[in-house]
Amino acid sequence: MCGISGYIGSKQAMPMILAGLRCLEYRGYDSAGMAVWDGKHIGLRRSVGNLDVLQRLLKKKPLKGTAGIGHTRWATHGRPSENNAHPHCTEDIALVHNGIIENMAPLKARLQAKGIRFRSE
């Protein structure tokens with residue numbers, strides 16, 4: 001099972017989400033990521049490896065904003081890579097999920113038929 005942590009409030013989201021992920025870090029060592037909304041844009045940081053790798057990245061390139069979501073991952077579909085790490089984002093939405101999506105192939109085919117391009121496996 002993966003770890004998911006989110007925050008919406010008046011404080012900066014990045015440290016709050018990181019603290020939540022730290023409590024759940026045993027739920028995923030393959031990759032970790034975080035997306036934070038600053039009121040206009042979604043900032044994204046993802047890394048391969050455990051939560052310490054993401055934390056070092058966030059120290060170099062912090063995310064500002066008061067709403068966001070983070071994820072630690074065990075790879076179930078696709079290899080551990082930055083591209084397959086969660087959150088998955090567009091300009092408008094950041095998404096994480098936990099577990100295996102049983103009907104992934106038909107869902108993906110239907111979305112691709114509508115012109116959606118996938119950047120992960």
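Reckoned from all heavy atoms, side chains included, excluding hydrogens, waters and symmetry mates. Here, residue 1 is the first one in the sequence, and each next residue gets the next number.
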Student: Please list all pairs meeting salt bridge (charged side-chain N to carboxylate O under 4.0 Å, His left out) that have one or both residues in residues 99-111, counting only residues at least two apart or in different chains.
Tutor: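 For residues 99-111, and leaving out neighbouring residues, there are no salt bridge (charged side-chain N to carboxylate O under 4.0 Å, His left out) pairs at all.
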Student: Once salt bridge (charged side-chain N to carboxylate O under 4.0 Å, His left out) is applied, do any residues pair with R79, and if so which ones, sequence neighbours excluded?
Tutor: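 Applying salt bridge (charged side-chain N to carboxylate O under 4.0 Å, His left out) to R79 gives E121.
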Student: Would H86 and L95 satisfy side-chain contact (heavy atoms from CB on, under 4.5 Å), going step by step from the backbone distance to the final call?
Tutor: CA-CA 7 Å; H86 296 221; L95 170 80; over 6 Å; no
Student: Should L58 and L51 be counted in the same cluster of Ile, Leu, Val, Met, Phe, Trp and Tyr side chains packed under 4.5 Å apart?
Tutor: yes
Student: Same hydrophobic cluster for L21 and M16, using side-chain heavy-atom links shorter than 4.5 Å among ILVMFWY?
Tutor: yes
Student: Are any side-chain N or O atoms of H71 and backbone N or O atoms of H97, one a donor and one an acceptor, separated by less than 3.5 Å?
Tutor: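 Yes: the side chain of H71 pairs with the backbone of H97.
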Student: Between Q112 and R117, does a side chain to side chain donor-acceptor pair (under 3.5 Å) hold up when you go through it step by step?
Tutor: CA-CA 6 Å; Q112 286 174 320; R117 291 183 314 136; over 6 Å; no
Student: Short question: side chain of D30, backbone of A75 - any donor-acceptor pair under 3.5 Å?
Tutor: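 Yes; judged by distance alone, with no hydrogens or angles, the pair exists.
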Student: Okay, side chain of R46, backbone of A85: is any donor-acceptor separation there less than 3.5 Å?
Tutor: yes
Student: Tell me which one of V96, L63, I69, L57 satisfies side-chain contact (heavy atoms from CB on, under 4.5 Å) with M34.
Tutor: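 Going through the options one by one, the only one that passes is L63.
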Student: Does S47 offer a backbone N or O that forms a donor-acceptor pair with the side chain of E82 under 3.5 Å?
Tutor: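 No; zero donor-acceptor contacts below 3.5 Å.
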Student: Quick check: do Q55 and L18 have side-chain heavy atoms less than 4.5 Å from each other?
Tutor: yes
Student: At what distance, to the nearest 0.5 angstrom, does OG1 of T72 lie from CG of L24?
Tutor: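 So the gap between those two atoms works out to 6.5 Å.
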Student: On a heavy-atom basis, which atom in R73 and which in G78 lie closest, and how many Å separate them?
Tutor: NH2-O, 3.6 Å
Student: Identify, with sequence neighbours excluded, every residue that meets salt bridge (charged side-chain N to carboxylate O under 4.0 Å, His left out) alongside D38.
Tutor: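 Scan of D38 (salt bridge (charged side-chain N to carboxylate O under 4.0 Å, His left out), adjacent residues dropped) gives none.
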Student: Return the set of residues passing ring-ring contact (aromatic ring centres under 6.0 Å, His included) with Y29 (not counting sequence neighbours), or none when no residue passes.
Tutor: W74
Student: Is atom CD1 of I8 surrounded by more than 12 heavy atoms (other residues, nucleotides or ligands) closer than 6.0 Å?
Tutor: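 It does not: I8 CD1 has 12 such atoms or fewer within range.
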Student: Quick check on the hydrophobic clustering: are V36 and I42 connected, directly or via other members, by side-chain heavy-atom contacts under 4.5 Å?
Tutor: no
Student: Mind jotting down which residue pairs meet the ring-ring contact (aromatic ring centres under 6.0 Å, His included) criterion with at least one end in residues 50-70? Sequence neighbours excluded, please.
Tutor: none
Student: Flag the pair K64 / M14 as yes when at least one side-chain heavy-atom distance between them is below 4.5 Å, and no otherwise.
Tutor: no
Student: Is M104 isolated, or which residues cluster with it under the ILVMFWY side-chain rule of less than 4.5 Å, directly or via members?
Tutor: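 Result for M104 is I101, L107.
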Student: Please report the closest heavy-atom contact between L44 and C89, naming both atoms and the distance.
Tutor: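 The pair with the smallest heavy-atom distance is CD1-SG, 3.8 Å.
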Student: Tell me whether T66 contacts the main-chain N or O of Q12 through its side chain, where contact means a donor paired with an acceptor under 3.5 Å.
Tutor: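 Checking the backbone N and O of Q12 against the side chain of T66, no donor-acceptor pair under 3.5 Å is found.
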